[in-house]
Number of protein chains: 2
Amino acid sequence: MTTAQGARARARQEVTAAIKEAARRQLAAEGAAKLSLRAVARELGMVSSALYRYFPSRDELLTALIIDAYDSVGEAAERARDAAADAPPPDRWTAVCEAVRDWALAHPHEYALIYGSPVPGYSAPETTVPAAARVGMVFIGIVRDAHEGAGLGPLSLPAGLRPEGARMAADFAPGVPPEAAVALVAAWAQLFGLIGFELFGQFNRVVEDRETFFRHAAGRLAEGVGLGRR
Amino acid sequence: MTTAQGARARARQEVTAAIKEAARRQLAAEGAAKLSLRAVARELGMVSSALYRYFPSRDELLTALIIDAYDSVGEAAERARDAAADAPPPDRWTAVCEAVRDWALAHPHEYALIYGSPVPGYSAPETTVPAAARVGMVFIGIVRDAHEGAGLGPLSLPAGLRPEGARMAADFAPGVPPEAAVALVAAWAQLFGLIGFELFGQFNRVVEDRETFFRHAAGRLAEGVGLGRR
DNA sequence: CCAAAAAGGAGAGCACTGCTCTTGCTCTGG
DNA sequence: CCAGAGCAAGAGCAGTGCTCTCCTTTTTGG
């Protein structure tokens, strides 16, 4: 882990980083479908087979990029949360929403990689789970703070929801009442619906002032989780 | 257009249909990324180059499948709307939402093709637009009917929305007041956020009773467009 | 009616992909 | 110090989208 492992290990880390960087460039330029191991190797001046010493397959490289992307958007969300730490919860909520949207607009292919359809065929490995949870945690934290502070607005649990269902949502969002946890999960998914539709062109001849539209929709999502009108 | 054009034209239509059918099978089995022209040709007993007499490129084949998928989900939505024609608007709304969700669960790869990330790199051509609008029209119709009947609940326009923004949403949903049109577009996007998250595994260790969860969320979306609690 | 033209099929081939295997060279740990 | 691990390079396999050249069949126009 430390740098005291000698030149060999450090060189390996550097090459690994260079590969990921070149791959990320290709991803941003052409999209995941056109990301080619051989092209990455070419850009780095190495032969394609040498690259397999660092990543056992193309999918593993993609997985590494997926984790980085999750971390990147999670970090953007955390920065927005911290920057709005003194604002009331609904404002903090929308600030984080906008940060996620901004990140998505700035990194469309990476967004597609993690929130679009699974790329090669395949299912996201376990290793991506903790990174994926990072954004969610930010939203959970905002709602939890509001709950422990001024309180949340009135919410209802889905009629007929099996007890395990509520319990699982509560496990997912500790410190948040179950009905808020359920609303939170819904808002979380809906947020990415809004962003995805904008990003993938579904709003093309429909929504014109997307900035305002999104801000409004994000505010209504905040209401939906009991954060009250801002 | 008619069948009176002779055997040649009819044979062409038949072969075209067979190609699309085989391609759809591959799409359902392996996903868009692994859809291969050569494999389709192999399955049909023809040589790959012959297939180019019918589709000028792989992307054109995909576009044809995209249009068919849009039509398929649109038809499912229309069927659900007609089956619930006598129900009050909120129930009709949720019925259509569930029909779309059911379609998505039954055709995950086709769903990913149209609502997931754009596949090969490219952008959806103009020809897909009318087919894509079909589902949206069903939701618009429900809201319009409610507006012309019992009326809609109170809604607000986004603060600071540029006039053109409201106008465009209103053009998109004729017969619906602008504030409802804006809410409708948001609900439309959010619906596909919910479905996409469920389909692409983002709910995996989070939501357990997905059926109930979705029904509840769809009901709240209905409220959000002014259809009132069901 | 029969030739010209259009349409379709078959095969070879090009450039590319992911991935494997073998061959060497270099660095490192006991 | 030297055996083994780490790494680079190249050849090669099977697959891909796509193009080009033939050849046959069908349609069509003078």
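Chain letters run A, B, ... following the sequence lines, proteins first and then strands; every chain starts at 1. Here the structure is a predicted model, which means the values were calculated and not measured.
- Scanning atom types as modelled, one donor and one acceptor separated by under 3.5 angstrom connect the side chain of Arg53(B) and the base of dG9(C).
- For Arg205(B), there are no side chain to side chain contact (heavy atoms under 4.5 Å, CB included) partners at least two apart in sequence or on another chain.
- Identified under the side-chain hydrogen bond (donor to acceptor under 3.5 Å, both in side chains) test for residues 70-81 of chain A, with sequence neighbours left out: Tyr70(A)-Gln202(B), Asp71(A)-Arg134(A), Ser72(A)-Trp103(A), Glu75(A)-Arg79(A), Glu78(A)-Arg134(A).
- Contact of the Lys34(A) side chain with the Gln26(A) side chain is not registered, since no non-hydrogen atoms from C-beta on lie closer than 4.5 Å.
- Nearest approach of Ala33(A) to Arg58(A), heavy atoms of both residues: O-NH1, 4.0 Å.
- Remark: side-chain polar atoms of Ser117(A) are paired, donor with acceptor, to backbone N or O of Ser117(B) under 3.5 angstrom.
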Which donor-acceptor pairs under 3.5 Å do the side chains of residues 41-55 of chain A make with protein atoms, sequence neighbours left out?
| residue | atom | partner | partner atom | Å |
| --- | --- | --- | --- | --- |
| Glu43(A) | OE2 | Arg25(A) | NE | 2.9 |
| Glu43(A) | OE2 | Arg25(A) | NH2 | 2.6 |

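- Atom NZ in Lys34(B) sits about 13 Å away from atom P in dG17(D), given to the nearest Å.
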Report summary line: With sugar-phosphate taken as primed atoms, P, OP1 and OP2 and all else as base, the protein-contact string of nucleotides 11-16 of chain D at under 4.0 Å (heavy atoms; B, S, -) is -B---B
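- Partners of Arg144(B) according to the side chain to side chain contact (heavy atoms under 4.5 Å, CB included) rule, which considers only residues two or more places apart in sequence or in another chain, are Ile140(B), Glu148(B), Val176(B).
- At whole-Å resolution of the value, CE in Met46(B) and P in dT24(D) are 19 Å apart.
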Report summary line: Taking Watson-Crick and G-U wobble contacts under 3.5 angstrom, with | marking pairs to another strand and [ ] crossing pairs, the secondary structure of DNA chain C is written ||||||||||||||||||||||||||||||
